[in-house]
Amino acid sequence: MRKSGSIPKISRRTALAGLSASAALLAMPRLGRAADETIRIGFPTPLTGPFAAEARDQVKCAELAVKLVNDKGGIGGRKVELLVRDDKLNAGEAATRTLELIEKDKVHAVVGALSSAVQLAVNEVTRARGVIYVSISQSDTINEAKDFSKYTFHEALNPHMTTAAVARQTLKKGTKVAHLVADYAYGHEMLRGFKRAQAAIGADNVGEILHPFGAADYSTFMPRLMSMRPDVLCISNFGRDQANAIKQAVDFGVKQQMKIVVPVILHNQRLAVGPDVFEGVVGGANYYWGLETQSKSAASFNAAFKAANGGAIPTDYGAYGYSGVGSLLAAMQAAGGTDTDKVVDALEKLQYDLTKGPQHYRKCDHQSVQSVLVLESKKKSAMANDNDLFAILANDTGSDDMLRSCSELGHAT
Amino acid sequence: MDLSLIIMQLLSGIALGAVLVITALGLTIVFGMLGVVNFAHGALFMIGAYAGLYLASLTGSFWWGLLLAPVLIGAFGMLIEFVLIRRLYGRSIDDPLLLTFGLSYILVEGVRIVFGSDGIPFPTPSQLIGVLDLGIGFFPRYRLFVIALVAVVLLVLWLTLEKTRIGLIVRAGARDPTIMQVLGVDISRVWLAIFGLGVGLAALGGVLAGPMRSVNPEMGSLVLAEAFVVTVIGGLGSIVGAVVAGLMVGISISLVALFAPEMATIVMFALMAIVLLIRPQGLFGVRGRTA
């Protein structure tokens, strides 16, 4: 009885004391923890395989964006951490890594993926979990209503934008155009973009050849391409495929007969095969370091990258890593934290200029409206130094006109 | 579709097949004589391309690279046999397979550390730049050179194996190593030389492929798969098989590329499946010999 009588008494006291103490204890570290709990950004990218060179540049630039924010004291006092994962250029691998990033590493958002097929797999996962995903891979479908969600943002250019800009520079009414296309999402979307642009200009399609993705030898496609006798050959493939296809086309004397055009001209592939092979090839780009003479933000991005990477210059696909992570962090800054809805809201309102001029995410489909460059690969003798790769033929300012309309993409307007 | 286009397409297929033949040959010789399935063959092909490029830039001439890289990498192959492979003779076939598989990873990572994972430009030798007018169309000089060089290498190899004393020892050693030892031949030296030859051929394939494809650390993995397909179609261990199957695969890829380009890579595997259904030992394989 005494025992039972005393217990509640003590208990009440202990409970009261305990409650207030533990409340204080809980509150203190909790405030402390909230203040220094790092903001984690998941970054799946194909570190191994044929796009490895581009992927590595993306990581360097993404890390730079994180470093710059951390140097300024982070976001609301919280440091930012980048969690890089190798997606091995495989949709299944990317989905698994992304799920791990969300479930195990508790990331606050995901940025990344380079291949269009892989980005759709990442998007599936992030969409289902309600995690923000800023895609930095070229795609035409991620903004379409069926793949889109309010968590999906697309920082990269899309095939529609680059092919239209390239076609405007290289095609005229009556130009005969042949296509060599990688047989997967990227190639198909680029081909669709070119054909749409061709139709608008009045150029004629003389034939198209689909090649297997990742082929090492393109020689077997060349005799037929030559027999089509086009004025322009559009080669729509990516990474090492681009380097190999252009090299072998040049070996077969294609350039004597026609002009070679690519939807996206890649800095690293130009370096990998040399100036003689790429001479005169025209292609679209999101970024080129040479823009620094025209753009203040390009100059400061180049300078920051050089300082962090021993004097190296940033590349096109690298710049995506910077602007993708950079725009997300800017939105978190504006939203005052990582609350998903607030960050989505902030991203939709964001006006940012990180690498080349003003950009913003279009409200209906979250596509980044931005400028498109058209570059021509320089002759060896015209290069001022080893980094002087391209001449800028055009710098089309970003506008809604260069995108497919929201109703066309299936969004309610 | 006119005749000249088909002939050009055939020629592309032969040039493609020539590289396949030279690479598959090394793989099949090592298997035929040593019973070793060399999974590092693709990595050694890649090392050959890098060595060729390095030696060419060192000497200022592609030709020195082409001559020295196979010899040097062949010698490196002999070192591998002497230090690693030799210990595994007589054990099950999986042991050397796993060893060479691991070795290929080490070689690829090593190259990545030294030369980086980006490709390196491998310029076509200046004498062979451009196209030759064949009357019916233009064909790259370099690819014609590859066809000719592979033909010469095959001829020399065949003459050595069929007409010389060394060739006799090698052929006999493949059939019955014990008797050879009883007869006083140091069979381990023969095996050393054979492995070196196989690796040297992989390296030669790599140097030849260099100016056609970009040179990068992963270039060997695709080639390894192709070389295995060719070896299986031709019959494991058969030299004639490797030559016939290599050309067959090259030509089929090329002709399929003409009519159904997106199927160009798959045709190689379809061909392998058909051959295996009809002749499980491969076109020129010996029945009862399994890998």
Side-chain angles (χ1 to χ4, degrees), chain A residues 47-57 180-184 187 207-228 239-254 256-257 267-278 315, chain B residues 1-2 4-13 15-16 19-20 112 116-124 128-133 136-143 209 211-219 221-223 226 250-251 253-266:
Chain A
L47 289 172
T48 48
F51 303 169
E54 280 77 20
R56 238 197 8 247
D57 286 343
L180 178 64
V181 179
D183 193 9
Y184 75 113
E208 46 207 61
I209 293 182
L210 295 179
H211 74 73
F213 167 58
D217 203 287
Y218 296 81
S219 63
T220 55
F221 308 117
M222 295 307 158
R224 204 172 128 210
L225 282 171
M226 310 264 294
S227 76
M228 293 172 187
R240 247 168 226 159
D241 287 7
Q242 179 177 79
N244 275 338
I246 293 179
K247 169 125 182 70
Q248 290 170 23
V250 171
D251 284 347
F252 270 78
V254 156
Q256 276 102 300
Q257 234 186 64
H267 191 119
N268 284 319
Q269 301 312 326
R270 156 63 187 76
L271 291 177
V273 289
D276 303 332
V277 171
F278 262 70
T315 65
Chain B
M1 202 145 298
D2 57 323
S4 60
L5 176 58
I6 292 176
I7 295 172
M8 293 302 289
Q9 201 73 35
L10 270 175
L11 205 52
S12 308
L16 188 63
V19 180
L20 283 176
R112 241 187 227 138
S117 44
D118 303 356
I120 303 181
F122 195 146
T124 312
L128 297 173
I129 289 177
V131 286
L132 200 67
D133 189 354
I136 48 161
F138 297 95
F139 202 76
R141 283 168 203 273
Y142 183 77
R143 281 180 195 254
M212 296 190 267
R213 306 168 183 182
S214 66
V215 177
N216 58 67
E218 285 94 22
M219 69 186 292
S221 51
L222 208 61
V223 170
E226 289 171 347
I251 291 170
I253 290 178
S254 190
L255 290 184
V256 168
L258 196 53
F259 301 104
E262 55 273 54
M263 298 291 163
T265 320
I266 298 170

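Convention: sequence-line order gives letters A, B, ...; per-chain numbering from 1.
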Worksheet entry | Closest heavy-atom pair and its distance - A/L271, B/P121 | O-CG, 3.5 Å
Worksheet entry | Stepwise side-chain contact (heavy atoms from CB on, under 4.5 Å) test for A/M222 and B/S12 | CA-CA 9 Å; A/M222 295 307 158; B/S12 308; over 6 Å; no
Fill in: Over all atoms of both residues, closest heavy-atom pair of A/R224 and B/A257
NH1-O, 3.9 Å
Discussion item. Which residue in the set B/R213, B/M219, B/E218 passes side-chain contact (heavy atoms from CB on, under 4.5 Å) when paired with A/R240?
Written reply: B/E218
Practice prompt. Can you measure from CG (A/D251) to CZ (B/R141) and round to the nearest 0.5 angstrom?
Written response: 12.5 Å
Worksheet item: Is chain B contacted by the side chain of A/D183, its backbone, both, or neither, given a heavy-atom distance below 4.5 Å?
Response: side chain
Fill in: chain A contacts, top residue of B/S254, B/P140, B/A264 (heavy-atom pairs, under 4.5 Å)
B/P140
Practice prompt. Please state whether the side chain, the backbone, both or neither of B/L16 comes within less than 4.5 Å of a heavy atom of chain A.
Written response: side chain
Practice prompt. Report the option among A/A243, A/G274, A/S219, A/G253 that has the most heavy-atom pairs separated by less than 4.5 Å from atoms of chain B.
Written response: A/S219
Worksheet item: Which one, A/M226, A/H211, A/Q248, A/E54, leads in non-hydrogen pairs under 4.5 Å with chain B?
Response: A/Q248
Discussion item. Less than 4.5 Å to any heavy atom of chain B: does that hold for the side chain of A/S227, its backbone, both, or neither?
Written reply: side chain
Response to the item:
Residues A/P212 and B/T265: closest non-hydrogen pair is CG-OG1, 2.9 Å
Worksheet item: How close do B/F138 and A/F252 get, heavy atom to heavy atom, and via which atoms?
Response: O-CD2, 4.5 Å
Response to the item:
Interface check, chain B: of A/I209, A/V181, A/L210, most non-hydrogen pairs under 4.5 Å belong to A/L210
Item to complete: Name the region of B/P123, side chain, backbone, both or neither, that has any atom closer than 4.5 Å to a heavy atom of chain A.
Response: neither
Discussion item. Please rank B/A260, B/P211, B/G137 by heavy-atom pairs under 4.5 Å with chain A and give me the top one.
Written reply: B/P211
Discussion item. Show the nearest heavy-atom pair for residues A/K247 and B/F122, with the distance to one decimal.
Written reply: CE-O, 4.1 Å
Response to the item:
Of all heavy-atom pairs linking A/D217 and B/R143, the shortest is OD2-NH1, 3.3 Å
